[in-house]
Amino acid sequence: MVHMFETATLLSPADYRAAVAAAVQAATAYYADGSTTLGDDEYDALVRAIEVYEGAHPDEVLPDSPSGKVAGGAADGDVPHSVPMLSLDNVFSAEELAEWAAGLERRLGRPAQGYCVEPKLDGLAVAARYAAGRLQQLITRGDGLAGEDITHAADAVLGLPALLTEPLDVELRGEVLFTHDQFDRANETRTAHGALPFANPRNGAAGTLRAKDRPYRVELTFFGYDAIGLPAELDHTVLLARLAELGANTAATTEAHPQRCATVEAAQQRVEEIAALRPALPFGIDGVVIKADAAADQQQAGSGSRAPRWAVARKLPAVHKVTRLLEVEWNVGRTGIIAPRAVLEPVVIDGVTVTYATLHNPADITRRGLMLGDQVFVYRAGDVIPRVEAPLVDERTGVEQPIVFPEVCPRCGDAIDTGEQRWRCVRGRNCQAVASIRYAVGRDQLDIEGLGGTRAVQLVEAGLVTDLADLFTLTREQLLALERMGETSTDNLLAAIETARSRPLNRVFCALGVRGTGRTMSRRIAAHFGSMAAIRAADADALALVDGIGAEKARVIVAELAELGPLLDKLIAQDVGTAETTPAAATAAVDTAAGDTVAEPADSGPLTGEAVVVTGSMTGALAALSRNEMNELIERAGGKASGSVSKKTTLLVAGEKAGSKRTKAEELGIRILTPEDFADLVAELLG
Ligand code: IVH
């Protein structure tokens, strides 16, 4: 429903009323405990659409409209502020910032005397009252005119001294927030006390400041950016330095420190610098604030009822979004760590579609109390791996399911060591080695019989094999020394390995298990490059020339190949995968290892121009062929093999028990052949 309130569209009267109701509900929840499902982006868009409507229909403005009100009119409190705590107007682009500065210049009748550019801290505004340098009272912003007394929370707020360095009567103003570390610690503490984790840092900070009588303490951080009671002639940058002198924390302690800029162009540059720093900052920011630095400029520009005219917030895209947790995948890393990964309903955060997010470790899932089907807060900033922060427990409908943890290693099937927070396969690094050897020796790859089962484990555990290249240097003595390894099995295994050495390049490449390259892609890559050395030397541009590899996939493959570099070098040095790779070899028989070729599509052959799909079980002359071998055969015959029937398919080979692919091919009027008829068609290749 949020999406109907686009900024540019003029709302209908009914949509306007709905928009006001949605904004009021969101603002109320946000200022109560931060628990709205409406992201900052959507809320801003909603308020903008409301303002556009009200601009066009000034006599129809609803009394509870959030426009022009501090905190959307949602918050309240009973401690009057000495001076109203104002909000900030927003701009959303460099152009809007330039327009704002031009407006300020018109108002001043001259350019502003410099700007201070500083981070817009994503927390809660507070006023801290000091008498003779001693902290007396801490108050929330509330509706800007009066706030809530939260003095009970003051000693948990770092950077807000109980005693200033000078005995002044002063009110410090600034933002209280959880740094990322504080947020994680707070959630650990909460869940250790049986409480639900906070959905996000802002929500958590709001709840923590209000809470009284909690059986535990969690720390927050204060960043000062204003003061009432210091000399009025202080420029803003000087005032910030004074706050620090008095002992308060300010953003000057961070990389995103406030900076004085002479012109609006320089200010814009600093905005971009701070925006770029955002992912690396130890706390959340939701924008950058640009303030006229000179006290004289501020006084001359003055303030409206909601916001000062001498400052503006350049909002940055929201980094928190709500989406649904669909599934949890368990991936085993190189060292055997078993890491859970959330599969999400795709959600766009800061222009990037997020589908996966890290869940850290099983304890973290338990601590966050996540369930499948939950609505969850997801955080993503810059290049940081998106992470699931917490579920929106209030939004549960009862259909959510518990997350099932694996009982055995999802890669090699052995036991899991659950002794540490991060679970690990008992094989550690060897899990990877065993799993990749088992994959590499499979029928469609190197096809080495006798290495699929416990033998691979034995070789890895004996330290004889760490990767597939090591297979080719195994000696008779080494094998004979292994338990349950007699002369016959040793000789058979060595012979099988020797045969594998001359497997065609596509199969050796496929055996590497490079992400994004299955059998078909391995055939295409091998055919395109012709040698392992050429593949090894390929960059992303070269790989992107291979049919079916886009720029993104090319980058993934290049990164994997770089990691596999030492293994590739070993294979090249041992002459593995250097068997004949020219299309000339394509005429050899497919059912002998020696004739198994790189399936480069032949320039001409019985299937030239055909797009072929195979389905059902093969019989007759084709009975012994795996699906991979069928595909290789098709490509050697000049055709293009594919796994699914589409409008592009020209021929379906349908064996026994052909199902939906056959039905679809019939519907599309595609030519269908039995395995026997197909074997006749490609007889010249079957030898
Ligand atoms: S100046 C009159 N500076 O953003 C001065 N506000 O969206 C008004 N905020 O209410 C505030 N970082 O809670 C200022 N560096 C900063 C800020 C900042 C965060 C908050 C503050 C304000 C809200 C407006």
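Atoms within each ligand, like the ligands themselves, are counted from 1 in listed order. Reckoned from all heavy atoms, side chains included, excluding hydrogens, waters and symmetry mates.
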Does Ala313 come within less than 4.0 angstrom of ligand 1, counting non-hydrogen atoms of the residue?
no
Under 4.0 Å from a heavy atom of Leu86: give me the atoms of ligand 1 that qualify, with their elements.
8 (C), 10 (O)
Can you report which non-hydrogen protein atom sits closest to atom 4 (O) of ligand 1, along with the distance?
Lys120 NZ, 3.0 Å
I'd like to know whether CZ of Arg217 has more than 12 heavy-atom contacts from other residues, nucleotides or ligands below 6.0 angstrom.
yes
As an exercise, identify every atom of ligand 1 less than 4.0 angstrom from a heavy atom of Glu118.
3 (N), 15 (N), 16 (C)
Do side-chain atoms of Tyr225 reach the backbone of Ala251 as a donor and acceptor pair under 3.5 angstrom?
no
Are any of the heavy atoms in Pro119 under 4.0 Å away from ligand 1?
yes
In this structure, atom 22 (C) of ligand 1 is nearest to the protein heavy atom Arg141 NH1, 3.8 Å
Step-by-step side-chain hydrogen bond (donor to acceptor under 3.5 Å, both in side chains) determination, Glu171 to Ser82
CA-CA 9 Å; Glu171 181 175 309; Ser82 49; 3.0 Å; yes
Before accepting this row, confirm whether a basic side-chain N of the pair Arg270/Glu272 lies closer than 4.0 Å to the acidic partner's carboxylate O.
no
What are the two closest heavy atoms between Gln113 and Ala296, and how far apart are they?
NE2-CB, 4.5 Å
Considering only protein heavy atoms, which is closest to atom 2 (C) of ligand 1, and at what distance to one decimal place?
Pro308 CG, 3.7 Å
Nearest protein heavy atom with distance in Å, relative to atom 3 (N) of ligand 1:
Lys291 NZ, 2.9 Å
Using non-hydrogen atoms of the residue, decide whether Arg173 is closer than 4.0 angstrom to ligand 1.
no
Among all residues two or more places apart in sequence or in another chain, which pass the ring pair (Phe, Tyr, Trp, His ring centres under 6.0 Å) test with Phe222?
none
Regarding Arg260 and the six-membered ring of Tyr115, is the cationic atom NZ or CZ under 6.0 Å from the ring centre and inside 45° of its axis?
no
Ion pair check, Arg242 and Glu166, cut-off under 4.0 Å
yes
Any N or O on Asp226 sitting closer than 3.5 Å to an N or O of ligand 1?
no
List ligand 1 atoms under 4.0 Å from Ser87, heavy atoms only on the residue side.
24 (C)
closest protein heavy atom to atom 17 (C) of ligand 1 is Tyr225 CE2, 3.4 Å
Indicate the atoms forming the closest heavy-atom contact of Asp286 with Arg278, along with that distance.
CA-NH2, 4.0 Å
To the nearest 0.1 Å, how far is atom 24 (C) of ligand 1 from its closest protein heavy atom, and which atom is that?
Leu88 N, 3.6 Å
Which heavy atom of the protein is the closest neighbour of atom 12 (N) of ligand 1, given with residue, atom name and distance?
Leu121 N, 3.0 Å
Give the C-alpha distance, both sets of side-chain angles, the deciding distance and a yes or no for ring-ring contact (aromatic ring centres under 6.0 Å, His included) between Phe283 and Phe183.
CA-CA 9 Å; Phe283 49 81; Phe183 178 66; over 10 Å; no
Which residue and non-hydrogen atom of the protein lie closest to atom 20 (C) of ligand 1, and at what distance in Å?
Glu175 OE1, 3.4 Å
